[in-house]
Amino acid sequence: MTQPDFTEHRSMLSNSVADFARGADLARVRKLREGNPECDRKVWTQMAELGWLGVLAPEASGGMGLKLGDMAIVAQGLARALTPEPLTAAAVLAVRVLADSRNDVLKGMLLEGLVSGEILPAVAWQEEAGSLDVNNINVQATPAGDGFRVNGSKRFIMGATSADGYIVSARSGQELVLLSVPRDTPGATLQFDALADGRQSGTLTLTNVIVPKAQVLNSGAAAAESLARAIDHTAAIIGAELCGIMSRSLEITLDYLKTRVQFGKAIGSFQALQHRAVDLYIQQELSSAVLGECLAILDGEPDAKTRAATASRVKARCTDAALLITRQSIQMHGAIGYTEDCDVGLYVKRAMVLAAWLGNGHAHRRRYAKTEILEGAL
Amino acid sequence: MSATAAVDYNAMDDDAFRAEARAFFESEYPENLRFLPRRLTWAESKPWWMALSKKGWLAPNWPVEHGGMGLEPGKLIIYWEETERAGIGRMPDQGVTMVGPTLIRFGNEAQRAKYLPKILSGENVWCQGYSEPNAGSDLASLRTEAVLDGEHYVINGSKIWTSMAHHATNIYVLVRTDKQVKQQRGISFLLVDMKTPGITFRTIRNIAGHEEFCQVFFDNVRTHKDNLVGKLNEGWTIAKGLLTFERLNIGSPRRPLQAFEQLDTLARAQKLFDDPGFVDRYTQLKMDLNDLGSLYQRYVDKARRGEALGPDISMLKVFAMDTYQKLAELLLEAGAEYGAYADEITLADEKIDLMAQFYTSRPGTIYGGSNEIQRNILSKYVLQLPG
């Protein structure tokens, strides 16, 4: 019964993304680099109007209530155009965490705001590089009044420059709590580090930040489970973005191989480069196959262990393939590929940023080994 | 003339020479210019250039009678190694590395008298005009042409990837002087003053954001026919003759070793040695580097014995640059989330610039003959495969 709807949604999303990407202009992308905010709120509103911010959000909050497979279409298409706006950070990571919230008033307000493009929250959970464990945190929430006093630091926050507020995970005794902290809250300070693609990684320092009870989104095992699921789903959608990056980078490079003439021939007629191009294409198709199968598994809501292993398969493969393809894109362009003006450089840089976000290939292989291989052997 | 010129460095014990070089580089080279992830500008280079010049150490590769140190290959390699060890930056050194040796070997007395002293004095800064927009890997297809008109060659065309042309006073160019013969036989080697009317250039920003490359345009640029080096149409032989020894330098394990030291610092700061997966890859690269050292040493010994370095030396560049790239890639991966940071990071009180190592490692497989071209050379001239 729902099957025809899927197809319809997917082709609609696919068309709207293709239209947007056709009009997208790398000059805008170049200009926004190293800007703060890195996101153009007018474009963000446009993305909201197209429904993209609400693909995964429940219909009750103005969203479409669709699947990761649908979200991947949008993420992949926008990544091809190198769109700098924090789509995945907001429309997957934040939406998933918010949708699970048991604070109905706050959840309704934030989700509706997010879907309509008016409120842009960023999830601030990670503290240690290379960690994928939601419990591996030290930010402390101690009871104060009817809520908490929060202290500590969060790192590697994506979409932080334009965020209106943060969803912060903290330790309260043995429990994990998820708190909403608006940007201008006293005691919350932000610092930015430039990333390779010109976007910024945020570090949020919380010093005696008071969070009233009304700002608590979730707590206990449900909070940890919700955050872990959101991270796995986001990692998989980053895989979709990486697929977009690698496919466009390879496309540009194949065009170059067909048109660049040296030794009296198109360089694409040299077998050494033909074989390399084919190897890259195989990596691209492998990534796309893994992505497709794994998104379907994730959309089936498997148990936590399968979910983690599935997300890790996607992130590890897509990361490695995108890094390889974009780096080889430089090599096959030769010196021109090493210039600022050459577009492949933009893809190389975005690939590095997406690779490092929420666990790189190494981190995901390590996690996969832990859950899928070593556990049984121990 | 001076006391330094009288020193016979080649007669010195290797260790003693190494100690003297190390002490000099360590004490005299400016601290703030060590291990930079980019080339030095001329303004940054000049004080060090002059310090080297004053000591008679600017041109280790030139014969003593031309103002160089006259080092034999073994000593020259020690000099390079110590330069790299001290983190001395790459100056706009084409005058010393390319123009001097070319004029000494192929130039005439008048050219040597006119140009060599000005290189040593820092008055002339040279850049290289080889590649063109349509002649990169296929350099022999270059089309910038020079036509004799009275006493002058008139040059038209454009050169690209000219490093530091915006800091240079002179450029040496490969130009087409005969279109009727086989490509390689119609190329000549000319010297041109960058201030000559008709020369313009634009800078090209690289992927790391630095302006090191230029494109240089020649619009009816006149250079006196006395600036032809070697014989007319023999420029290709000159250009090729200089490349093999350069490849020995590019193949030195020193630069990847620097990246490896950064990896070591990062691994300790992030406690990565607890992770067997990391340790395996770390060890693999450590052993690759050791093995690169062995391959390099084989060529160093050959050069020391005064034997000619053949086309097989291309393998040194291929393996050195591939290893360096793998190291820089592991460095980014080991950095986890920090591996996407554009700038230097501080971990456990140590500063590491992951991204700079990555960017520095990329062009090594492209410039000076890409790794693909090196493999062509190996398959054609060493393995003698058909085609």
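Values reported hereafter were calculated over all heavy atoms of this structure, with side chains retained and with hydrogens, waters and symmetry mates removed. Since the model is a prediction, treat every value here as computed from it, not as a measurement. In the text below, chain A, chain B and the rest are named by the order of the sequence lines, each starting its count at 1.
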Seminar exercise, completed: With chain B, the option among A:Arg199, A:Arg365, A:Glu128, A:Arg260 that has the most non-hydrogen atom pairs under 4.5 Å is A:Arg260
Exercise. Tell me, side chain or backbone of B:Asn376 under 4.5 Å from chain A's heavy atoms, or both, or neither?
Worked result: neither
Problem set entry | Under 4.5 Å from a heavy atom of chain A, the part of B:Tyr359 involved | both
For this session: Calculate, to the nearest 0.5 Å, the distance between atoms CD and CD1 belonging to B:Glu212 and B:Ile204 respectively.
Result: 12.0 Å
Exercise. If we only count heavy atoms from C-beta on, is the A:Cys318 to A:Met246 side-chain gap below 4.5 Å?
Worked result: yes
Exercise. Can A:Arg155 and A:Glu127 be said to form a salt bridge (charged side-chain N to carboxylate O under 4.0 Å, His left out), step by step?
Worked result: CA-CA 5 Å; A:Arg155 307 189 78 95; A:Glu127 298 172 23; over 6 Å; no
Exercise. Taking atom types as modelled, is there a side-chain donor on A:Thr326 or A:Lys349 under 3.5 Å from an acceptor on the other?
Worked result: no
Seminar exercise, completed: Which of B:Trp236, B:Trp161, B:Tyr172 passes ring pair (Phe, Tyr, Trp, His ring centres under 6.0 Å) with B:Tyr130? Answer is B:Tyr172
Problem set entry | Validation row: B:Leu272, B:Val279 side chains within 4.5 angstrom (heavy atoms) | no
For this session: Decide yes or no on side-chain hydrogen bond (donor to acceptor under 3.5 Å, both in side chains) for A:Thr253 and A:Gln328, but give the supporting numbers first.
Result: CA-CA 9 Å; A:Thr253 303; A:Gln328 282 301 324; over 6 Å; no
Problem set entry | Proximity breakdown for B:Pro276 and chain A, heavy-atom pairs closer than 4.5 Å | neither
For this session: Using non-hydrogen atoms and a 4.5 Å limit, figure out which bit of A:Ala194 sits close to chain B: side chain, backbone, both or neither.
Result: both
For this session: Examine whether an atom of B:Ile373 lies under 4.5 Å from a heavy atom of chain A, and if so say whether it belongs to the side chain, the backbone or both; otherwise answer neither.
Result: side chain
For this session: Under 4.5 Å heavy-atom distance to chain A, tell me which part of B:Ala135 shows up: side chain, backbone, both or neither.
Result: backbone
Exercise. At a heavy-atom separation under 4.5 Å, does B:Gln183 approach chain A through its side chain, its backbone, both, or neither?
Worked result: neither
For this session: Can you tell which part of A:Leu273 gets under 4.5 Å to a heavy atom of chain B, answering side chain, backbone, both or neither?
Result: side chain
Exercise. A:His362 vs B:Phe278 aromatic rings, parallel, tilted or perpendicular, using cut-offs 30° and 60°?
Worked result: perpendicular
Problem set entry | Segment of B:Arg281 engaging chain A (4.5 angstrom heavy-atom cut-off) | side chain
For this session: Heavy-atom distances under 4.5 Å only: say whether A:Gln200 touches chain B with side chain, backbone, both or neither.
Result: neither
Seminar exercise, completed: When the 4.5 angstrom heavy-atom criterion is applied to B:Tyr367 and chain A, the contacting part is neither
Exercise. What residue in A:Gly361, A:Gly130, A:Ala335 has the most heavy-atom pairs under 4.5 Å with chain B?
Worked result: A:Ala335
